[in-house]
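Below you'll find the structure, written out as structure tokens, and then a few comments.
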Amino acid sequence: MKKLPRSFYLRPTITVARDLLGKTLYRRIGKKLLRGIIVEVEAYLGEKDPASHAYRGRTKRNEAMFKKGGHLYVYFTYGMHFCANVVTEDEGIGHAVLLRAIEPIEGIHIMERNRKMEDRIRRVQAALTNGPAKLCQALGIAREENGTDLLGHEIFIAGGKTVPRSQIGISPRIGIRNATEKKWRFYLRGSNFVSR
DNA sequence: TAGTTGATCGTCT
DNA sequence: GACGATCAACTAA
């Protein structure tokens, strides 16, 4: 499976968000390779978007959002969680796509360990990665991964199944308080691994 | 099943 | 000093 080229990420953010559905997200940790299908994302359009971290321009925190498309923006929130975004469009433009959920494919045992589920009561497999912070924990993505180039070898995205238009669901984003909320959340219809 | 709350801290006001 | 692109545990019914 071939890595998506830089040009994939340099396109309009909404387009990239939709096209990321069905693609395969890879995470290499040492010799171990984790893998999952992207099933849910949200677009954040920087200066045009009051809900975006980049709405008020560049700060130390959102610096990575302004990198060239194809980098990773990881932020820390609620005092305990990390969330990962795929940076889109050209350098200097603060747009990104939040990865909200994946369907685990490979390295599931390692994901369970990362999520510290070992000694817990058996859970549905979806609980492993069906939320932006869960996904990061399962894949071992944290502060150090902020700014990672997705054309590198640690974290990257490659082609997956092609998703027919009819399989893509659209809805308002989750956890946004702004009244001007747009329908910028995209997910795979019928997937059991989408967040609630 | 729905609704509420505690955890916990970096960032921006 | 307030609060958040969240989650899990808890309560009530």
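Labels below follow one simple rule: chain letters A, B, ... track the order of the sequence lines, proteins then strands, and each chain is numbered from 1. FYI, side chains are in, hydrogens and waters are out, and symmetry mates aren't considered; it's all heavy atoms of this structure.
A donor-acceptor distance shorter than 3.5 angstrom exists from the side chain of A:E40 to the backbone of A:S195, with no hydrogens or angles considered.
Of the P atoms belonging to B:dT5 and C:dC3, the separation is 15 Å, rounded to the nearest Å.
Which of B:dT13, B:dA7, C:dT6 sits closest to the side chain of A:R56 comes down to B:dT13. Relative to the side chain of A:N85, the nucleotides C:dA5, B:dG10, B:dC12 differ in distance, and C:dA5 lies closest. Among the nucleotides B:dG10, B:dA7, C:dA5, the one closest to any side-chain atom of A:R143 is B:dG10. Candidate nucleotides C:dC7, C:dT6, C:dA5 were compared by shortest atom distance to the side chain of A:K134, and C:dC7 ranks first. The side chain of A:Y75 sits closest to C:dA5 out of C:dA5, B:dT8, C:dC7. Each of B:dT11, B:dG10, C:dA8 was ranked by its minimum atom distance to the side chain of A:F76; first place goes to B:dG10.
For C:dA8, one of the phosphate oxygens OP1 or OP2 lies less than 4.0 angstrom from a side-chain nitrogen or oxygen of A:R115. For A:R185 and C:dA5, the shortest distance from a side-chain N or O to OP1 or OP2 is not below 4.0 Å. The phosphate of B:dC12 has OP1 or OP2 within less than 4.0 Å of a side-chain N or O from A:T59.
Remark: C:dA5 base-pairs with no nucleotide; criterion is Watson-Crick or G-U wobble with both hydrogen-bond distances under 3.5 Å. Look at C:dA12: its Watson-Crick or wobble partner, with both distances under 3.5 angstrom, is B:dT1.
Taking atom CZ of A:R100 as the reference point, atom C1' of C:dT6 lies 9 Å away to the nearest angstrom. In this structure, A:E40 places its CD atom 12 Å from C1' of C:dA5, rounding to the nearest Å. With rounding to whole Å, A:Y55 atom OH is found 16 Å from B:dT13 atom C1'. Taking atom CZ of A:R58 as the reference point, atom C1' of B:dC12 lies 18 Å away to the nearest angstrom. The CG atom of A:N146 sits 14 Å away from the C1' atom of B:dT11 (whole-angstrom rounding). Remark: P of B:dT11 and OH of A:Y73 are 9 Å apart, rounded to the nearest angstrom. The interatomic distance linking A:R196 (CZ) with B:dG3 (C1') rounds to 11 Å, in whole Å. If you measure from atom CD of A:E63 to atom C1' of B:dG10, you get 15 Å, rounded to the nearest angstrom.
Side-chain to base pairing of A:Y78 with B:dA7: no donor and acceptor N or O lie closer than 3.5 Å to each other.
Note on A:R173: nothing from the nucleic acid sits closer than 4.0 angstrom, heavy atoms only.
If you run side-chain contact (heavy atoms from CB on, under 4.5 Å) between A:L139 and each of A:L128, A:L99, A:I29, A:L34, only A:L34 comes through.
Of the two residues contacting DNA chain C, namely A:Q137 and A:A96, the nearest-nucleotide position lying further toward the 5' end is that of A:A96.
Within a 6.0 Å radius of CZ in A:F76, other residues, nucleotides and ligands contribute more than 12 heavy atoms. Atom CZ of A:R6 sits in a crowded spot, with more than 12 heavy atoms from other residues, nucleotides or ligands closer than 6.0 Å.
Between A:Y73 and A:Y75, the ring planes lie tilted relative to each other; the angle falls in the 30° to 60° range.
The minimum heavy-atom distance between A:I37 and A:T24, with the atom names listed, is CD1-OG1, 4.1 Å.
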